[in-house]
Amino acid sequence: GKAKPVYSRAWRTYDTPMSELPFIKMHGLGNDFVVLDARQRNIGLGGAHARAIADRRLGIGCDQLLVIEPPENGQGNGAADVFMRIFNADGAEAGACGNGTRCVAQLVMAEKETAEARIETKAGVLTAVRAEDGGIAVDMGPAGLDWRDIPLAEERDTLNLGLAAGPLKDPVAVNVGNPHAVFFVDDAAAVPLHDLGPGLENDPLFPQRANIGAAQILDDGNIRLRVWERGAGLTRACGTGACAALVAASRRELTGRSATVVLDGGRLLIEWRDDNHVIMTGPAATSFTGLIDPSLLEPAR
């Protein structure tokens with residue numbers, strides 16, 4: 001008969017026949033992920049497979065696909081525990097994902113039975129630690145503020161880009177492992193991001209496209225934020241978007257260097273340290289585990 005999967009409590013994966021692909025469905029404040037472990041098995045997935053898996057009607061459904069691979073920086077002091085490859089729902093690879101980093105860090109911490117994990121990404125190695133409230137704090141690295149860091153197609157003042165669409169005007173540009181344009185508005189909930197996001201994401205000013213945030217300053221310590229994510233659309237939460245919003249607000253002197261960012265899916269605590277590193281603290285949760293039938297991926301192959 002068909003082999004039954006064997007559940008592994010630490011990593012929450014399955015020992016299954018090669019024809020089936022185990023996955024973990026996780027989320028950070030409703031920003032959801034399908035997580036695959038490719039450390040012991042070369043699963044050979046690309047953008048087309050990511051689109052098939054992310055499809056919410058025909059696949060599993062997710063904002064991003066996260067593939068865990070052996071670390072490239074895996075030896076010596078400061079070595080990473082794993083490499084996290086990130087695919088957006090449209091199949092394009094991303095450099096960073098704040099909510100996804102917390103999810104993978106939680107898996108690694110459970111596997112290692114420690115309170116710290118080092119996650120390597122295309123944007124660098126990110127250190128995560130267990131926070132006092134049970135959440136996970138991730139050092140997202142330094143904020144990129146120069147126009148070349150974003151990157152922009154031409155030299156501009158990243159504090160005042162001069163870009164506009166409808167009620168969205170003059171954003172701040174920040175790179176937190178991926179490019180963001182943060183627009184400050186009076187009412188974030190009233191902004192038609194679903195209509196304005198695609199055009200702004202693909203504006204010629206952003207050669208690598210951009211995440212588009214609508215940020216409302218509630219008070220010095222709280223920011224309301226909605227984000228149109230590059231390659232994923234309107235999501236319930238965006239970790240790097242929250243980091244970018246706090247940095248942008250602090251640069252505009254609208255807040256201090258620490259604030260709670262209120263997203264549709266919940267709250268993240270963001271701190272922009274004096275050394276330019278951005279610290280994001282928030283929850284991570286497992287929704288369910290399962291097996292991907294090979295027939296889902298065959299058209300993509």
Side-chain angles (χ1 to χ4, degrees), residues 2-3 5 7-8 11-28 30-72 80-108 111 119-123 177-178 198 201-202 208-209 211 228-240 284-301:
K2 189 175 181 180
Y7 187 67
S8 169
W11 208 169
R12 298 183 173 89
T13 58
Y14 293 91
D15 180 15
T16 61
M18 290 294 286
S19 60
E20 296 177 326
L21 191 58
F23 71 90
I24 309 169
K25 182 67 182 290
M26 303 188 74
H27 73 91
N31 183 195
D32 62 337
F33 313 98
V34 170
V35 185
L36 305 178
D37 186 357
R39 291 176 295 174
Q40 303 298 326
R41 170 182 173 185
N42 182 8
I43 57 180
L45 298 187
H49 307 104
R51 289 193 296 272
I53 291 170
D55 191 297
R56 294 191 182 277
R57 290 186 178 273
L58 304 179
I60 300 169
C62 62
D63 293 321
Q64 279 90 20
L65 171 69
L66 308 178
V67 182
I68 310 306
E69 301 175 358
E72 297 177 9
D81 295 301
V82 297
F83 180 91
M84 178 177 71
R85 191 171 302 279
I86 307 160
F87 291 94
N88 288 327
D90 68 353
E93 275 200 65
C97 178
N99 291 320
T101 300
R102 294 200 314 278
C103 288
V104 170
Q106 178 161 285
L107 293 175
V108 172
E111 180 181 272
I119 312 299
E120 187 177 8
T121 70
K122 293 177 72 173
N178 48 25
E201 172 193 347
N202 292 282
Q208 296 180 12
R209 299 185 293 167
N211 300 276
W228 176 271
E229 284 200 51
R230 177 184 63 168
L234 195 60
T235 60
R236 289 180 57 80
C238 178
T240 58
T286 297
S287 301
F288 57 88
T289 61
L291 300 171
I292 298 176
D293 190 282
S295 63
L296 173 65
L297 303 178
E298 279 307 315
R301 295 188 192 281

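Predicted model, so just to flag it, every value in this text is computed and none were measured.
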So, does [X] use its side chain to make a donor-acceptor pair with the main chain of [Y] at under 3.5 Å?
| X | Y | result |
| --- | --- | --- |
| Asn211 | Arg230 | yes |
| Lys25 | Gly290 | no |
| Thr235 | Ala237 | yes |
| Asn178 | Ala96 | yes |

Which residues pass the side chain to side chain contact (heavy atoms under 4.5 Å, CB included) test with [X], not counting sequence neighbours?
| X | result |
| --- | --- |
| Ala92 | Asp90, Arg209 |
| Cys103 | Met26, Phe33, Ala284 |
| Glu69 | Ala38, Val67, Phe83, Arg85 |
| Leu58 | Asp55 |

Rounded distance (nearest 0.5 Å) linking atom OG1 of Thr289 with atom CD1 of Ile24: 7.5 Å
First locate atom CD of Glu229, then atom CG of Asn31, and finally report the distance between them rounded to the nearest 0.5 Å.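 Interatomic distance, Glu229 CD to Asn31 CG, rounded to 0.5 Å: 5.0 Å.
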Where do [X] and [Y] come nearest, in terms of heavy atoms and distance?
| X | Y | result |
| --- | --- | --- |
| Ala80 | Pro71 | O-CG, 3.4 Å |
| Phe23 | Val34 | CB-CG1, 3.8 Å |
| Cys62 | Ala89 | O-CB, 3.9 Å |
| Phe87 | Gly46 | CE2-C, 4.0 Å |
| Glu20 | Leu291 | OE1-CD1, 3.5 Å |
| Leu234 | Trp228 | N-CE3, 3.5 Å |

Could you tell me whether the side chain of [Y] reaches within less than 4.5 Å of the side chain of [X], counting heavy atoms only?
| X | Y | answer |
| --- | --- | --- |
| Ile86 | Lys122 | no |
| Leu45 | Ile53 | yes |
| Leu21 | Leu296 | no |
| Ile292 | Leu36 | yes |

Residues that Thr121 engages under side chain to side chain donor-acceptor pair (under 3.5 Å), provided they are two or more places apart: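 By the side chain to side chain donor-acceptor pair (under 3.5 Å) rule, Thr121 matches no residue at all.
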Which residues satisfy the side chain to side chain donor-acceptor pair (under 3.5 Å) test with Asn88, sequence neighbours excluded? Gln64
